[in-house]
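Just below is one structure, and these are the notes that go with it.
The figures here come from the full heavy-atom set of this structure, side chains too, leaving out hydrogens, waters and symmetry mates. Nothing here was measured: the structure is a model prediction, and the numbers come from that model.
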Amino acid sequence: MKVANVLKENVSYIVISIIVLIFSFLTIKGSVGGSLEFSFPAEGVDYSTISWGEVPIDGNGQEFSVDYKAWDIGQLGLRMSNEGDGEFELLIKDSKGGEFARTYNTSGLEADDEDVTWIDVDRHVSAGNLKLVFKNISVNGLKLIGYSQEDVLDDSGNAALGLNMQVRAASFPKVKAYLFSTVWILIVLAGFVVLKKRSISYERLFLALYIVMGMLAFMVFTPFAEPDSGNHYRRAYAISEGDVFPELDENNAIGRSFAWPLTWGTGDGVSVSWYEARNRMGFDVKDASNMQYITYTNIALYSPVCHAVPALFMAMTRLFTHSMIVIDMVAKIANFIAIGALLYLGIKISPFGKEYFLWMAVHPFMMKQYTSISPDLMTAALVYLLTALVLRLRYDEKAYAKKGYLVALYIIPFLLGQFKIVYVAFCLLLFLTPMDKFESKKSYFTHATAIGLLTVVPALAWFKISSHILSLGYSDINATNRVIAMNPVKYIPILLNTFRIKGYDYIMQFFGSALVFKDGTNEAVVLIFIMLVAAYISRNIYMNRHNEAEIAVKVRKDAALKVFMAAALAITTVLIFTAEYVQWTNPGASSVNGVHGRYFFPFIFPLLILLTGVSGTKEIDGEVFIEPSRKSLFSLVSVTLCFVAQLYIVYRL
């Protein structure tokens, strides 16, 4: 009878769970459309002595072995060469005795821009050791590009060779995604049923959501999965060794020598499977044989302060291990904790809008950024904390600019100026702090001047350094600057045109469409998430706990707050697009290149405050988590978990 009562009391949550699960079953993609490209090593290869080589393919066949998870292979990507058209055969044997053979004609195959030739397979393979046997039928000089291990021979006495293979998955087993979605939503449902009987503070609830979603993110996303992952790692690692100022080579390229796997790409991003990461666990960052000069021009323009936390923990981790994967993971965890601490402080001191922080904790794209060395989300956390601090000083009669508040007033603007100078406009919010919150007018102006100098001078100093580096690394930068300087009016149509043709992409990226490589994300999930966020926000904008009701009315009627908030948002938007126009856009282009949806993460909390309505408030007792808000948040968490189920399958290849 007790169980029946519980079910009856929570019938609406059960209904929501069923709807979300049905939605999950209908929208989970059966295909990731070529969005994954992972390199798989050959079995038994010691990565400390890898070198490239060509593997001749003759009529007797050449066999390669790789460990592989159960998957439906769509295509195999191979680097191959030949001297004439003809046929070859590929035989695939999986661990359960399944075999598949197909003949291919090289005349119908073409290499892509990276010299990778993709051949269709469209076949399911079982997990375990996979055998790939290539046999030449009639191709002149057919060779596959592989890597070899010095002084190590195979059973036939030949050099042990590994195949440089990439995989495009045609589909993934949906049953696993369904199972993950169901189990996780049931766990969340049980958690919400328990919390319904208890009172919990918003900051504690945020912390619980943040930790859980962060742990899931670390489980799901492979190493170096975040945007510009390789370069962020390299910049932080260089700083950890004392290279604060980036180096220029004879070609004005910015970079230095790193121990880096020869089979990995050295571009902005790196595609690394969990299998590959496990095999690289012992990769030594001090190994001289794997040193290569790698450029990281765009990330080198970031102030060293941006990567201070991961760099510090990289240096500390090297005292115990030289494993590249371990060093990278420790740095990410440290960054995750630092971001969480700032967000926790923000929700704790904010006198209004605590509800907004909760959905930030379950935002899918933020989950990915939680596991990143990138300073993007740290910048957002600083903006949120600054906004919360200003709200507290402006509306809380008991809060004064002393001790901790005063320290924060100095540190946060300084860090914003160092992390990304385009977001310094949010420091305008500091002028909303009443003068009577300081000891005297003299104290007010003294601190205002000191804060301004501490923020602007170091920011401009690094801006000067990075501008000089940028002008050396990009030949068209000065030309782009002249275009803006001489034709500022003509720049306005470029901005408007950018929003017109790329606005939808920015919104979709912001809510998670760029969570996997290339085009693998299901847009239906993103659109549903956007609608749920809109519903959650619309409920909470007009509902406040009783201790916030009076402040909420002031916020809604505070014209100065709205003006400064709008000005900060508008100025920052223009600065973001202008910076990307100068750095990445060729003169004469009709739109701005280089802008991504994640650049607008810092806008969330200030924008929600700006949009707070002018109608009256509904008072709610204490810290009680109101039912409409509870249901909206439960829906958000459930949909996010279905999203995570899909990502788990995709990234755990």
Side-chain angles (χ1 to χ4, degrees), residues 201-207 210 339-358 360-361 378-416 423-440 443-444 447-448 450-452 455 540-541 543-569 602-612 617 619-620 622-623:
S201 68
Y202 276 70
E203 48 264 36
R204 287 186 179 182
L205 183 55
F206 164 81
L207 199 59
Y210 180 82
I339 292 169
L342 293 180
L343 291 172
Y344 179 82
L345 286 175
I347 189 174
K348 189 173 182 64
I349 69 172
S350 180
F352 172 74
K354 292 178 183 286
E355 298 90 343
Y356 303 146
F357 282 82
L358 297 181
M360 295 176 197
M378 185 71 80
T379 305
L382 288 169
V383 172
Y384 300 163
L385 182 56
L386 178 64
T387 305
L389 179 65
V390 170
L391 290 174
R392 172 64 67 181
L393 290 173
R394 187 168 179 82
Y395 300 118
D396 188 345
E397 296 178 356
K398 298 179 181 180
Y400 290 91
K402 296 180 180 179
K403 297 181 180 179
Y405 287 114
L406 201 54
V407 171
L409 287 174
Y410 274 86
I411 293 178
I412 298 174
F414 164 75
L415 291 177
L416 271 180
Y423 296 101
V424 168
F426 282 106
C427 293
L428 291 173
L429 300 181
L430 291 172
F431 289 104
L432 294 169
T433 306
M435 191 177 297
D436 59 11
K437 293 292 183 175
F438 293 81
E439 293 179 352
S440 63
S443 174
Y444 174 84
H447 286 301
I451 292 170
T455 303
N540 289 311
I541 275 180
M543 296 182 179
N544 304 275
R545 299 183 300 282
H546 76 276
N547 58 335
E548 289 186 3
E550 184 178 347
I551 295 175
V553 173
K554 291 180 180 179
V555 168
R556 289 166 179 157
K557 295 181 179 180
D558 194 337
L561 175 69
K562 300 297 180 72
V563 169
F564 273 82
M565 201 76 75
L569 290 166
F603 287 22
I604 295 177
F605 189 45
L607 184 61
L608 292 175
I609 299 300
L610 177 64
L611 295 177
T612 299
T617 60
E619 296 187 11
I620 300 153
E623 291 288 333

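- A side-chain N or O of Asp558 and one of Tyr395 form a donor-acceptor pair less than 3.5 Å apart.
- If you take CZ on Phe206 and CD1 on Ile347, they are separated by 6.5 Å, rounding to the nearest 0.5 Å.
- Counting only heavy atoms from C-beta outward, the side chains of Tyr405 and Arg392 approach each other to under 4.5 Å.
- Between Tyr384 and Leu342 there is no side-chain heavy-atom pair separated by less than 4.5 Å.
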The test is side chain to side chain contact (heavy atoms under 4.5 Å, CB included); show your working for Ile604 and Tyr356 and say whether it passes. CA-CA 9 Å; Ile604 295 177; Tyr356 303 146; 6.0 Å; no
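- With Leu416 as the partner, the side-chain contact (heavy atoms from CB on, under 4.5 Å) test is satisfied by one option alone out of Thr455, Leu385, Val383, Ile411: Val383.
- Because its NZ or CZ atom is not both nearer than 6.0 Å to the ring centre of Tyr202 and within 45° of the ring axis, Lys354 does not count as a cation-pi partner of that residue.
- Separation of the Tyr210 and Tyr344 ring centroids does not fall under the 6.0 Å cut-off.
- By the 4.5 Å heavy-atom criterion applied to side chains, Val407 and Tyr410 are not counted as neighbours.
- A distance of 8.5 Å separates CG of Leu429 from CZ of Phe564, quoted to the nearest 0.5 Å.
- Taking all atoms of both residues into account, the shortest heavy-atom contact from Leu393 to Ala401 is CD2-N, 4.0 Å.
- In this structure the side chain of Met565 never reaches within 4.5 angstrom of the side chain of Leu607, judged on heavy atoms.
- Expressed to the nearest 0.5 Å, how far CG of Leu610 lies from CG of Leu561 amounts to 8.0 Å.
- In this structure, CZ in Phe438 is found 6.0 Å from OG1 in Thr433, a value given to the nearest 0.5 Å.
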Apply side chain to side chain contact (heavy atoms under 4.5 Å, CB included) to residues Phe603 and Phe426 and explain how you reach the verdict. CA-CA 10 Å; Phe603 287 22; Phe426 282 106; 4.0 Å; yes
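- Across all non-hydrogen atoms, the minimal contact from Ala388 to Gly346 is CB-O, 3.3 Å.
- Taking both residues in full, the closest heavy atoms of Pro413 and Cys427 are given as CB-SG, 3.6 Å, listed atom of the first, atom of the second, then distance.
- Contact annotation: the side chain of Phe605 approaches that of Met360 to within less than 4.5 Å [non-hydrogen atoms, C-beta and beyond].
- Proximity of Leu430 to Leu386: side-chain heavy atoms (C-beta onward) are separated by under 4.5 Å at one or more points.
- If you take OG on Ser443 and NZ on Lys437, they are separated by 14.0 Å, rounding to the nearest 0.5 Å.
- Side chains of Leu406 and His447 form a contact here, defined as non-hydrogen atoms less than 4.5 Å apart.
- Qualifying salt bridge (Lys or Arg N to Asp or Glu O under 4.0 Å) partners for Lys348, counting only residues two or more places apart in sequence or in other chains: Glu203.
- Atoms CD1 and OG, from Ile609 and Ser350 in turn, are 6.0 Å apart once rounded to the nearest 0.5 Å.
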